[in-house]
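The block underneath contains the structure these notes are about, expressed in structure tokens.
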Protein chains: 2
Amino acid sequence: MKISTRFSDSIHILAFISIYQGKIPLTSDNIANSVETSPVVVRRIMSQLKKAGLITTVHGAADPKLAKDPANISLYDVFLAIEHDQHLFTVDDKTNPQCIVGGNIQDTLRYYYKQVETSAKAKLARISLADIIDSIIVKQAQKTNKKG
Amino acid sequence: MKISTRFSDSIHILAFISIYQGKIPLTSDNIANSVETSPVVVRRIMSQLKKAGLITTVHGAADPKLAKDPANISLYDVFLAIEHDQHLFTVDDKTNPQCIVGGNIQDTLRYYYKQVETSAKAKLARISLADIIDSIIVKQAQKTNKKG
DNA sequence: CTTTATGTAACTTTATTAGTTACAATTAAG
DNA sequence: CTTAATTGTAACTAATAAAGTTACATAAAG
């Protein structure tokens with residue numbers, strides 16, 4: 001029972017674009033090297049991020065940009081872009097309607113699952129890409145400090 | 001992003017046992033008929049519910065029972081029994097450690113995902129099997145009332 | 001123009017879940 | 001006791017979704 005790594009990879013890509021903007025060429029190949037996947041997978045994800053209005057890209061040019069300030073991109077925005085608001089829990093929609101339980105469990109679970117999912121989404125909405133980037137920068141600084 | 005129906009089916013089975021206790025034989029076959037799956041799938045789930053101490057069963061006899069009052073069984077108890085506390089979100093653990101992003105994104109996401117998951121689990125912990133059963137009973141009553 | 005890159009379709013591989021078959025172990029009823 | 005019904009579980013198959021690959025048309029940029 002889990003959300004695919006696409007969600008994590010999407011956040012990774014957005015953070016990468018923000019951090020390495022102007023420092024190295026932001027080719028799908030360079031990004032894929034950081035995510036450790038193929039450039040096609042990266043482009044596929046970026047295509048969705050573009051559709052959702054989170055980044056801008058130019059066909060043929062290696063120059064993706066965040067379409068908004070990282071402080072104004074929440075993890076829920078990314079979730080919606082990539083997972084199309086899919087559910088965290090799945091209701092089994094093949095139950096016996098003749099049975100008291102089978103005939104009423106679906107609506108019942110939908111009602112309660114929605115509460116749980118709303119709670120999770122609200123948290124996601126409160127975490128920004130800027131939070132993620134800050135955390136990455138700080139962790140990196142701690143590492144280099146230990147070494148030096 | 002594929003989420004198994006096992007969690008929903010588990011709640012279904014528990015509600016079924018509670019509602020049909022003493023009314024019809026609680027064979028895995030009868031339960032499977034309500035869930036619209038095979039008796040083996042039902043027995044497999046019940047085996048886990050038993051291990052988690054949510055039900056009691058007797059080998060060879062069709063007599064499963066809830067081990068606790070439905071008011072004292074939360075959806076989180078069921079979640080733990082069936083999903084073994086698996087994560088709702090998956091961190092991609094194959095990222096480039098040489099890269100600032102790839103080398104720090106995993107811990108960063110684990111930290112923030114944990115907050116989101118805790119929020120969801122807290123909600124699950126506040127919903128009891130009794131809530132589910134009540135909801136099923138009320139919905140059924142509404143149906144029969146409309147018809148009559 | 002030639003090289004490099006994106007965007008996307010179509011396909012293959014891999015992993016997970018659901019469902020099936022089979023059977024030993026157990027219960028319960030005559 | 002013996003027989004029929006049932007659980008518990010292993011091993012297998014089928015279905016499905018995600019991840020990765022191949023291929024190529026299209027666009028950008030020197």
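Proteins get letters first, then strands, A, B, ... in listed order; numbering begins at 1 in each. Only heavy atoms go into these numbers, but all of them, side chains included; no hydrogens, no water, no symmetry mates.
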Does [X] place a side-chain N or O at less than 4.0 Å from the phosphate oxygens OP1/OP2 of [N]?
X	N	result
Ser28(A)	dT6(C)	yes
Ser47(A)	dT8(C)	yes
Thr27(B)	dT7(D)	no
Lys50(A)	dG7(C)	yes

Expressed as a whole number of angstroms, how long is the span from [X]:[atom1] to [N]:[atom2]?
X	N	atom1	atom2	result
Glu83(B)	dA18(C)	CD	P	9 Å
Ile24(B)	dT6(D)	CD1	P	12 Å
Asp63(A)	dA28(D)	CG	C1'	11 Å
Ile45(A)	dT21(D)	CD1	C1'	15 Å
Ile13(A)	dA19(D)	CD1	C1'	13 Å
Leu26(B)	dT7(D)	CG	P	10 Å
Asn30(B)	dT6(D)	CG	P	8 Å
Asp29(A)	dT3(C)	CG	C1'	15 Å

Checking Tyr112(B) now: which residues fulfil side chain to side chain donor-acceptor pair (under 3.5 Å) with it, not counting sequence neighbours?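 Once residues adjacent in sequence are excluded, Tyr112(B) has no partner under the side chain to side chain donor-acceptor pair (under 3.5 Å) criterion.
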
Are Val138(A) and Leu109(B) connected in the hydrophobic side-chain network, where two residues link if heavy atoms are under 4.5 Å apart?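 Per the 4.5 Å side-chain linkage, Val138(A) and Leu109(B) are not co-clustered.
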
Search all heavy atoms of Ile137(A) against all heavy atoms of Ile19(A) and return the closest pair with its distance.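 What the structure gives for the nearest pair is CD1-CD1, 4.1 Å.
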
What I want to check is whether the side chains of Ser8(A) and Tyr113(B) have a donor and an acceptor closer together than 3.5 Å. yes

Residue pair Thr5(B) / Thr90(A), side-chain donor-acceptor N/O under 3.5 Å: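 Distance-only check fails for Thr5(B) and Thr90(A).
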
Over all strands shown, is Lys51(B) touching base, sugar-phosphate only, or nothing at heavy-atom distances under 4.0 angstrom? nothing

5' to 3', nucleotides 19-30 of chain C under a 4.0 Å protein heavy-atom cut-off (B base, S sugar-phosphate only, - none) gives BBB---BBS---

Just to verify, which of Thr56(B), Thr57(B), Val58(B) counts as forming a side chain to side chain contact (heavy atoms under 4.5 Å, CB included) with Lys65(B)? Thr56(B)

Under 4.0 Å between a Lys/Arg side-chain N and an Asp/Glu carboxylate O for Asp9(A) and Arg6(A)?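 The answer is no: the pair does not qualify as a salt bridge.
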
